[in-house]
Engineer: 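Would you mind keeping the following structure in view while I ask a few things?
We count ligands from 1, going down the list as the structure has it; atoms in each ligand are counted the same way.
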Amino acid sequence: MAISGITNPLQAHSQAGGTSIRFDKQTKVFRIDAAGMSYLFGINEKKEPQTMYWGKRLPSMDSFAAPHSDGGLSSFDDSINTTRHEFAGWGGGLYVEPDLKITFPDGNRDLVLEYVSHAIAGDQLTILLKDISREVYVELLYQVDPKTGILRRSAQLQNKTAESLTIEQMASGTWNLPRGVDYRLRYLTGRWAGEWSLHEQMIQPGKTILESRRGSTGDQNNPWFAIDRASSNDQDQGDVWFGALGWSGSWQISVEQDQLQQIRVTGGPNAFDFGYRLVPGQHLQSPDFYAGFSDKGVGGASRLLHRFETSSILPHAPSPKLRPVLYNSWEATEFKVDEAGQETLAEKAATIGVERFVVDDGWFGKRVNDRAGLGDWYVNPVKFPHGLKPLIDKVHSLNMDFGLWVEPEMVNADSDLYRKHPDWVLNFTGRPRTEGRNQMMLNLARPDVREYIYQFLDKLLNENDIAFLKWDYNRNWSEPGWPAVAVEDQKKVYVDYVQNLYSILAELRAKYPKVEIESCSGGGSRVDLGIMRLTDEVWTSDNTDAFDRLLMQDGFSYAYAPGVMMAWVTDSPTWVNQRVLSLEYRFLSAMQGSLGIGANLNNWKPEDFATAKKMVNQYKQIRETTQRGSLYRLISPQKGSEQSVTESVSEDQGRAVTFAFLHSSQMLYRYPRIHLRGLRPDQLYKITALDGKLSANTPSVASGAFWMQQGVDVELRGDFQAAAFSLESTNR
Ligand code: DGJ
């Protein structure tokens with residue numbers, strides 16, 4: 001990457017309302033403007049990059065004086081700790097969260113970074129920093145998305161000294177918020193079958209660490225945050241600062257309110273057990289840390305994120321393909337997959353309009369249960385005596401494409417692969433190898449393991465007409481040892497593993513551009529903006545109870561777009577809660593995301609097929625709006641709410657779809673009136689019920705203002721009821 005001290009003159013002026021990155025030579029202030037956001041930082045008199053402003057877009061006439069480091073409070077709270085650093089090395093007495101911590105071979109652990117130069121190219125700004133005495137350079141990258149104002153930040157460390165150094169912590173950067181005490185943090189937590197719980201808490205003095213130490217993204221916390229002011233109680237109003245990390249390994253986001261009531265958010269790979277030896281001439285790039293600002297509440301923040309994901313992150317962005325309706329028999333048959341059984345299900349799935357048929361776990365090796373077979377990626381000759389081809393041909397003859405489940409990073413002890421290569425798993429020599437779901441983790445950081453995984457997937461895709469891979473990952477790391485390399489390099493496993501995962505996905509995508517991939521991890525345990533760059537959709541949760549899903553889908557939607565959120569219609573009563581739900585309810589819950597069917601079609605009655613056919617057909621009419629549109633949470637299912645209402649509005653505001661759910665009627669209360677949002681007030685819209693539950697006095701055509709101000713009544717009474725309706729502009 002070219003670095004120079006000269007500002008690109010093409011970028012040196014502001015474009016009103018557009019995107020610009022400017023540098024003022026007199027004040028040494030950088031100013032990034034895009035969409036509704038401005039971000040300013042400058043180089044202070046100590047040559048430190050110092051945050052100056054992050055928030056709603058400022059008029060271009062406003063100028064900022066040259067930044068000065070904070071003078072500090074006392075000998076206990078000196079300047080280095082009270083200045084709002086963009087990126088600080090651990091040195092010079094820093095005790096707030098550092099962005100970078102290094103140990104040099106001579107025992108020195110002091111790192112103080114100073115500005116050297118910068119370069120502006122299009123929507124990117126790079127800043128070069130250097131340690132005050134050693135040939136250690138850090139290049140900070142800022143890239144701004146013109147449509148949303150979301151910034152991508154990362155840091156690259158370059159070792160130009162003559163000796164190796166060890167990185168003990170490396171963040172992508174720090175986001176500083178204006179000083180204040182009334183900030184509220186939102187974040188997501190979860191566990192298997194209980195992902196995507198939304199939490200809110202006031203930010204207090206001290207530090208909140210959101211993290212995974214699990215080797216992968218994990219579901220205990222998801223790498224996303226949103227911070228607003230406690231006084232703002234509206235979904236769609238108020239200032240919100242939000243961000244998400246693009247890293248599928250162990251990670252951490254530290255949210256710190258320091259002794260001067262400043263909020264600092266620092267994120268990157270988890271510093272716990274981290275250690276990366278960087279040899280002379282080598283560099284290490286941090287993951288991307290994305291963040292944005294919205295003055296339209298937390299609803300506005302998630303709409304910006306959804307738009308950014310769709311237009312900049314997902315494969316095929318800015319126009320990722322719409323998700324097809326898929327069928328998957330995992331819940332119906334589990335490991336009992338075979339040619340005849342799958343063909344029967346495929347025939348039935350085709351009759352209701354399914355577009356993709358997916359064979360899940362159990363098709364390979366000696367896989368009859370979860371105790372054997374992982375690692376042996378040949379077609380099971382008993383279940384599929386003629387290979388996969390007859391089934392794939394059958395699926396194609398029914399006008400569906402074919403998908404297949406894989407779990408490439410794992411091995412069962414009972415497998416030919418493990419018998420042949422027991423040294424390929426993560427392990428510490430002479431120590432137990434903890435199993436999870438009877439499986440161990442292959443050490444994908446190893447070049448030979450990477451090669452094995454790439455080769456088997458390449459062969460599978462080369463020999464079979466496969467349109468889709470469901471890429472599963474069903475446990476967390478344990479004993480993360482890598483005995484085959486020098487002791488000083490063993491902790492590199494945390495980085496090299498993830499890089500090899502990404503490189504396999506990227507290489508397969510390049511070679512098989514039509515193949516789509518789902519990131520699944522026993523549910524939603526590997527969902528982040530890193531894996532999302534390489535996968536087309538994600539599995540939200542193994543919990544497919546359509547009522548539980550309302551809460552989970554709501555939490556999910558704070559960070560990720562509904563278009564990637566896979567939601568299946570499964571059997572009732574659900575295995576999760578033994579809850580009985582109508583087929584309509586299950587469909588309407590799943591139709592808020594990307595629709596799949598996971599029920600046992602062999603048990604369906606003719607009326608179930610008729611209902612499903614009708615609803616799949618309706619889904620195809622509205623899916624562009626639900627998958628791509630702007631999501632408004634009209635009534636949140638959080639905090640034990642009896643109701644849940646979502647609305648999706650197409651980008652051109654010509655269409656809207658609304659889903660309404662009732663947990664249980666009480667005391668003769670009617671369902672609350674639904675006031676829509678995001679429509680054009682002066683435009684006429686025709687309303688259509690998807691299921692006939694609109695109140696009798698609903699006009700068939702009215703203005704956007706009417707639907708937003710007067711609202712819509714739906715007739716929902718009883719337990720676990722659901723309704724849906726769409727609006728379409730009469731100008732279409
Ligand atoms: C976990 C996934 O989340 C399920 O959907 C299914 O694919 C199983 N693994 C198969 O083992």
Engineer: Say whether Asp542, considering both its backbone and side-chain N or O atoms, lies within less than 3.5 Å of an N or O atom on ligand 1.
Structural biologist: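 Asp542 vs ligand 1: N/O contact under 3.5 Å present.
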Engineer: Test salt bridge (charged side-chain N to carboxylate O under 4.0 Å, His left out) on Lys470 and Asp360; report intermediate values, then the result.
Structural biologist: CA-CA 8 Å; Lys470 175 176 171 180; Asp360 209 278; 2.8 Å; yes
Engineer: Will you find, in the side chains of Tyr454 and Asn500, an N or O donor that is under 3.5 Å from an N or O acceptor?
Structural biologist: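 Side chains of Tyr454 and Asn500: no pair found under 3.5 Å.
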Engineer: Validate the cation-pi geometry between Arg549 and Trp539: distance from NZ or CZ to the six-membered ring centre under 6.0 Å, angle to the ring axis within 45°.
Structural biologist: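 Here Arg549 passes the 6.0 Å and 45° test against Trp539.
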Engineer: Which residue holds the protein heavy atom closest to atom 1 (C) of ligand 1, what is that atom called, and what is the gap in Å?
Structural biologist: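 Residue, atom and distance for the closest contact: Asp472 OD2, 3.1 Å.
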Engineer: Are Lys605 and Asp608 ion-paired here, with the side-chain N under 4.0 Å from a carboxylate O?
Structural biologist: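 Salt bridge: no.
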Engineer: Check ligand 1 against Gly522 and write out every atom of the ligand that is under 4.0 Å from a heavy-atom position of the residue.
Structural biologist: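 Atoms satisfying the 4.0 Å criterion: 1 (C), 3 (O).
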Engineer: Hey, is the main chain of Ile517 close enough, under 3.5 Å, to the side chain of Asp536 for a donor-acceptor pair?
Structural biologist: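 Checked: pair present.
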Engineer: Using a 4.0 Å heavy-atom threshold (strictly under), name the region of Asp370 that reaches ligand 1: side chain, backbone, both or neither.
Structural biologist: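 Neither part.
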Engineer: Output the list of atoms in ligand 1 that are nearer than 4.0 Å to some heavy atom of Trp539, sorted by atom number.
Structural biologist: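 Listed by number with element, the hits are 3 (O), 5 (O).
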Engineer: Can Glu516 and Arg323 be counted as an ion pair, charged N to O under 4.0 angstrom?
Structural biologist: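 Counted as a salt bridge, because a side-chain N and a carboxylate O are separated by less than 4.0 Å.
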Engineer: Could you tell me, atom by atom, which parts of ligand 1 come under 4.0 Å of a heavy atom of Cys520?
Structural biologist: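 It comes down to these atoms of ligand 1: 2 (C), 3 (O).
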Engineer: Between Arg437 and ligand 1, which residue portion shows a heavy-atom distance shorter than 4.0 Å: side chain, backbone, both, or neither?
Structural biologist: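 Just the side chain.
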Engineer: Supply the atom-to-atom distance Met400 CE to Ile392 CD1, rounded to the nearest 0.5 angstrom.
Structural biologist: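 Interatomic distance, Met400 CE to Ile392 CD1, rounded to 0.5 Å: 12.0 Å.
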Engineer: List every atom of ligand 1 that sits less than 4.0 Å from any heavy atom of Gly523, numbering the atoms from 1 in the order shown and giving each element.
Structural biologist: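 The atoms of ligand 1 under 4.0 Å from a heavy atom of Gly523 are 3 (O).
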Engineer: To the nearest 0.1 Å, how far is atom 11 (O) of ligand 1 from its closest protein heavy atom, and which atom is that?
Structural biologist: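 That would be Asp361 OD2, 2.6 Å.
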Engineer: We want to know whether Gln455 and Glu451 form a side-chain donor-acceptor pair, criterion being a heavy-atom distance below 3.5 angstrom.
Structural biologist: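 Gln455 vs Glu451: donor-acceptor pair found between side chains.
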Engineer: Would Arg367 count as a contact of ligand 1 if the rule is a heavy atom under 4.0 Å away?
Structural biologist: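 The answer is no, since Arg367 has no heavy atom less than 4.0 Å from ligand 1.
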Engineer: For atom 7 (O) of ligand 1, what's the nearest protein heavy atom and its distance?
Structural biologist: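 Residue, atom and distance for the closest contact: Asp360 OD1, 2.7 Å.
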Engineer: Quick check: are there more than 12 heavy atoms from other residues, nucleotides or ligands sitting under 6.0 Å from CZ of Arg433?
Structural biologist: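 More than 12 heavy atoms, drawn from other residues, nucleotides or ligands, come within 6.0 Å of this atom.
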Engineer: Give the atom numbers and elements of ligand 1 that come within less than 4.0 Å of a heavy atom of Lys470.
Structural biologist: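 Taking each heavy atom of Lys470 in turn, ligand 1 has 4 (C), 5 (O), 6 (C), 7 (O) under 4.0 Å.
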Engineer: So, regarding Trp330 and ligand 1 (criterion: nitrogen or oxygen to nitrogen or oxygen, under 3.5 Å), is there a contact or not?
Structural biologist: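 There is no such contact.
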